[in-house]
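This report refers to the structure that appears directly beneath it.
These values consider heavy atoms only, across backbone and side chains, with no hydrogens, waters or symmetry-generated copies. In listed order, ligands and their atoms are each counted from 1.
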Amino acid sequence: MTDLSGFPVLELKHITKRFPGVIANDDVSLSLQRGEVLALLGENGAGKSTLISILYGLYRPDEGQMLLAGQEVRVTSPAHALRLGIGLVPQHPMLVLRHTVAENLALGAGSAFFPARGMRGKIAELSSCYGLSVNPDARVADLSPGEKQRVEILRSLLRGVKVLILDEPTSVLTPQEVEGLFRVMRELRADGKSLIFISHKLEEVLSITDRVTVLRRGKVVGHAATAGATRESLAEMMVGKSVSFERKRGAARSQGKPAPGKPAPGRGVWSTAWGGIVSAGEDRRPPSHRLWPVCPQQPWHPGTERRLVHPESRRGAGRGGRGGQRSD
Ligand SMILES: Nc1ncnc2c1ncn2[C@@H]1O[C@H](COP(=O)(O)OP(=O)(O)O)[C@@H](O)[C@H]1O
Ligand SMILES: [Mg+2]
């Protein structure tokens, strides 16, 4: 789904980034549509982190263009990225451990003090919209990795982002937390947000994404619709040779195949450590077809909270009481 403008939400054109002795991103082009989850898939060192660092204003590209809704932008800092509507959920949360959730989010909103009263209502509203359960009064030091990640997601949502980048988000989660994260991602997608999901776990990519862009040694080696992809096809793109997912050790031996970990000439063998979590009952919904978002899309600024309607007071209105639209 393209935006109302008819342009993709985000486009990268011919991005190149060099470090001494290595081309981390080599002529990378990709696009991201409204209401879709795009996987950025690649082995370690493929250039994923460098690319998202460019998107988030941490690095400047040596060459290439970045466009938001068809307009060229030069992102100069993470604060600038957030103002442009691009948020990042880092692999390792960057939160102040001794502060509460509300205090951390108030800091993220640029407030010099802690307006916890307004923040609590806003957190409740966003939590209800997207299924992000977080206690605003909990001390961050006491939170699980999954809860800390939800705080990072809330931080971006409070800023009204349209594009949310999740950097290896499942690496710190339990299987149940992965399922919880995927439910949140589906809600965000259904609400028209565009997500970039960084991973090297094929089962997760197949479970949660709509399209896949594969990087290898800094270059884009392929784009694929997830619905038509398989573990084998994606793995082959990632490593550049066919990959065996043979599980039956005995069967493999009896057929004269090499044991796991011993690739036959010209073939790779998939490390079981990369297997990831298989999601029962895959969600193959197409990208969002809602006519307009139901959750608040505007950035939150301290002091504006009185203009927002708490979801509790909208029970029965609209879609099963999910609300949060502005009252004016
Ligand atoms: N700050 C840096 N300085 C020098 N080389 C870097 C830097 N960041 C990344 N690289 C190199 O760029 C390549 C791509 O790295 P990276 O983007 O981290 O890959 P990925 O996130 O896919 O593992 C690697 O060869 C890495 O060593
Ligand atoms: Mg990385």
Rounded distance (nearest 0.5 Å) linking atom [atom1] of [X] with atom [atom2] of [Y]:
X	Y	atom1	atom2	result
H223	L38	NE2	CG	9.0 Å
N104	L97	CG	CG	8.0 Å
T50	D26	OG1	CG	12.0 Å
C129	E187	SG	CD	9.0 Å

Distance criterion under 2.8 Å: protein N/O/S atoms around the Mg ion (ligand 2) | 1
Pocket residues around ligand 1 (non-hydrogen, under 4.0 Å) come out as F19, V22, A24, E43, N44, G45, A46, G47, K48, S49, T50, Y59
Candidate list L68, I52, V161, V73, test side-chain contact (heavy atoms from CB on, under 4.5 Å), partner I86, passing option |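 Exactly one pass, corresponding to L68.
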Is it true that E103 and R98 have a side-chain N and a carboxylate O under 4.0 angstrom from each other?
-> no
Charged N to carboxylate O below 4.0 Å: is that the case for E72 and R74?
-> yes
In sequence, state the C-alpha distance, the side-chain angles, and the governing distance for K48 and D167, and then conclude on salt bridge (charged side-chain N to carboxylate O under 4.0 Å, His left out).
-> CA-CA 9 Å; K48 307 181 296 294; D167 187 10; over 6 Å; no
Under a 4.5 Å side-chain heavy-atom rule over Ile, Leu, Val, Met, Phe, Trp and Tyr, are V22 and L58 clustered together?
->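 Hydrophobic grouping puts V22 with L58.
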